[in-house]
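Throughout, protein chains are lettered first and strands after them, A, B, ... in sequence-line order, and every chain is numbered starting at 1.
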Amino acid sequence: MDGKIKFPISALNLNYTFNGGQAFRWKCLEDNSWIGVFAHRIWKLRQDEEYINFEAVKSSNTPEEDEAALLIDYFRLNEPLNELYDEWAKCDPIFSEAAKKFTGVRMLRQEPIENIFTFICSSNNNISRIKSMVEKMCTFYGSEIGVVDEVKYYDFPVVENLAKSSVLNDLQKAAFGYRAKFIQQAASKIVEFGGHDWINELKKLPYDEAKIELMKLPGIGAKVADCICLMSLDHLEAIPVDTHVFQIATKYYLPHLKNVKSVTNRVYNEIGDHFRTMYGKYAGWPHCVLFCGELKIFQDSPTEKRKKPEQLKPKKHKKTKVS
DNA sequence: GGCCGACCTGTGAG
DNA sequence: ACTCACAGGTCGG
């Protein structure tokens with residue numbers, strides 16, 4: 001490994017953080033290390049009790065940087081997570097319960113362009129297809145960073161590449177469906193608005209104004225805009241209200257919304273405001289912890305199935321890997 | 001301003 | 001094998 005950061009595993013859980021619906025490019029390898037891309041590098045991460053061990057591969061034309069600092073920024077390691085958990089637990093017994101299992105969930109600070117186009121793909125879509133679409137964008141339009149374990153890794157494409165007119169046809173052929181048009185058009189608009197300067201403005205604007213700006217892009221409605229605000233623009237009070245969050249809200253906090261026909265703008269804002277009133281400025285973070293509790297991927301693990309008895313049905317042809 | 005239906009396509013449960 | 005609802009929603013009427 002290239003380096004290590006002294007950081008307890010109790011305050012960063014890579015599994016919950018990477019599989020909690022924030023990012024779509026991280027993969028867990030058989031030796032329990034994680035491999036993924038950000039900051040123009042291929043990262044291999046491996047934790048032990050005390051340290052985050054890391055290895056970073058970059059292309060020859062990528063400038064040197066303090067790579068530990070890049071990790072600290074990406075994982076927001078300077079945020080005292082245990083203290084924050086304590087605060088949120090005081091505000092909310094439901095959080096307190098979820099926090100017992102979901103420790104070390106960190107809001108990543110992702111790259112806005114990647115975040116924007118990933119979440120345009122996410123709408124009305126399933127996780128595995130979202131992942132494959134993101135990888136397609138990277139291999140089609142991203143530059144190769146390097147090879148690790150005989151696998152090529154690509155950077156997320158620059159926005160100018162996604163704005164090209166040929167992208168529409170390419171992505172339609174690659175089965176992107178109606179999102180092909182959203183991607184090409186959104187990229188064009190971002191370039192038109194000023195590219196990275198526009199992105200940087202969004203970070204400086206107040207949350208609600210940044211959200212309005214984002215919603216000028218095709219394929220970005222309230223929910224996706226909130227994902228982007230929360231995950232890559234440092235607006236941690238954003239609460240993306242999707243089907244899962246709606247379920248959580250009606251089950252635990254706002255039962256009167258149980259039989260609304262659809263999540264209208266009014267309902268959407270009521271749910272977000274409820275979380276913000278409860279938790280304050282960082283509301284999106286504890287929301288993310290609660291969200292983990294709703295995800296299928298984190299349920300029914302053999303050691304802790306206590307949710308639904310009917311899921312104890314015998315599984316056919318289930319092969320268990322023995323390591 | 002709120003509500004409703006259509007929407008590309010792959011995945012996974014039945 | 002073969003449906004068919006659904007997937008971290010958005011858009012236009």
### Message
Over all strands shown, is G219(A) touching base, sugar-phosphate only, or nothing at heavy-atom distances under 4.0 angstrom?
### Response
sugar-phosphate
### Task
Would you please classify the geometry between the W26(A) ring and the F18(A) ring as parallel, tilted or perpendicular, with 30° and 60° separating the classes?
parallel
### Message
Is there, by distance only and without an angle test, a donor paired with an acceptor across the side chain of R129(A) and the base of dT9(B) below 3.5 Å?
### Response
yes
### Message
Looking at K251(A) and E294(A), is any side-chain nitrogen of the basic one under 4.0 Å from a carboxylate oxygen of the acidic one?
### Response
yes
#### Entry: Between dA7(C) (C1') and Y178(A) (OH): distance, integer Å
9 Å
### Message
Reading DNA chain B from 5' onward, which residue's closest nucleotide shows up sooner: N265(A) or Q172(A)?
### Response
N265(A)
### Message
Of the listed nucleotides (dT9(B), dC3(B), dG8(C)), which one gets closest to any side-chain atom of H287(A)?
### Response
dG8(C)
### Task
Just call it for Q22(A): base, sugar-phosphate, or nothing, with non-hydrogen atoms closer than 4.0 Å on any strand.
base
### Task
Can you label the angle between the Y253(A) ring and the F275(A) ring as parallel, tilted or perpendicular, going by 30° and 60°?
perpendicular
### Query
What does V241(A) touch in the nucleic acid at a heavy-atom separation under 4.0 angstrom: a base, only the sugar-phosphate, or nothing?
nothing
### Task
Counting heavy atoms from C-beta on, name the nucleotide in dT11(B), dC3(B), dG10(B) closest to the side chain of S128(A).
dT11(B)
### Query
Counting only distance, no hydrogens or angles, is the base of dC3(B) paired donor-acceptor with the side chain of R266(A) under 3.5 Å?
no
### Query
Just how far, in rounded Å, is C1' of dA7(C) from CZ of R179(A)?
9 Å
### Task
Indicate, with yes or no, if the rings of F291(A) and Y16(A) have centres closer together than 6.0 Å.
no
### Opposite nucleotide pairing with dG8(C), Watson-Crick or G-U, both atom distances under 3.5 Å
none
### Query
Taking the side chain of K261(A) as heavy atoms from C-beta outward, which of dA7(C), dC4(B), dG8(C) is closest to it?
dC4(B)
### Message
Within the 4.0 Å heavy-atom criterion, would you say I130(A) contacts the bases, only the backbone, or no part of the nucleic acid?
### Response
nothing
### Query
Expressed as a whole number of Å, how far does the P atom of dG5(B) sit from that of dA5(C)?
15 Å
### Query
Whole-Å distance between dG10(B) P and K131(A) NZ?
18 Å
### Query
For P240(A), which contact category applies under a 4.0 Å heavy-atom criterion: base, sugar-phosphate, or nothing?
base
### Task
With P as the reference atom in both, quote the distance from dC8(B) to dG13(C) in angstrom, rounded to an integer.
14 Å
### Lys/Arg N to Asp/Glu carboxylate O, D234(A) vs R76(A), below 4.0 Å
yes
#### Entry: Between dA6(B) (P) and N125(A) (CG): distance, integer Å
20 Å
### Query
Within this structure, what is the CG-to-C1' distance between L171(A) and dC8(B), rounded to whole angstrom?
13 Å
#### Entry: Most 5' of G221(A) and N126(A) on DNA chain C, judged by nearest nucleotide
N126(A)
### Query
Relative to the ring of Y85(A), is the ring of F95(A) parallel (under 30°), tilted (30 to 60°) or perpendicular (over 60°)?
perpendicular
### Query
For dG8(C), does either OP1 or OP2 sit under 4.0 Å from a side-chain N or O belonging to T243(A)?
no
### Task
Tell whether K223(A) reaches the base of dG9(C) with its side chain through a donor-acceptor pair below 3.5 angstrom.
no
### Task
Please report, rounded to the nearest Å, how far the P atom of dA7(C) is from the CZ atom of F176(A).
21 Å
### Query
Rounded to whole angstroms, how far apart are CD1 on I120(A) and P on dA7(C)?
21 Å
### Message
Of the options dC4(B), dG8(C), dC7(B), whose atoms approach the side-chain atoms of H244(A) most closely?
### Response
dG8(C)
### Message
Would you measure the distance from the P atom in dG8(C) across to the matching atom in dA13(B) and give it in whole Å?
### Response
13 Å
### Query
F291(A) near the nucleic acid: base, sugar-phosphate alone, or nothing, with a heavy-atom cut-off under 4.0 Å?
base
#### Entry: Interatomic distance, I116(A) CD1 vs dT10(C) P [rounded to whole Å]
14 Å
### Query
Do V191(A) and I120(A) share a hydrophobic cluster, counting only Ile, Leu, Val, Met, Phe, Trp and Tyr and linking them when any side-chain heavy atoms are less than 4.5 Å apart?
yes
### Message
By nearest atom, which of the nucleotides dT10(C), dC4(B), dG8(C) is closest to the S123(A) side chain?
### Response
dT10(C)
### Toward the 5' end of DNA chain C, by each residue's nearest nucleotide, I220(A) or V245(A)
V245(A)
### Task
Tell me what A180(A) touches on the nucleic acid: a base, only sugar-phosphate, or nothing, going by heavy atoms under 4.0 Å.
nothing
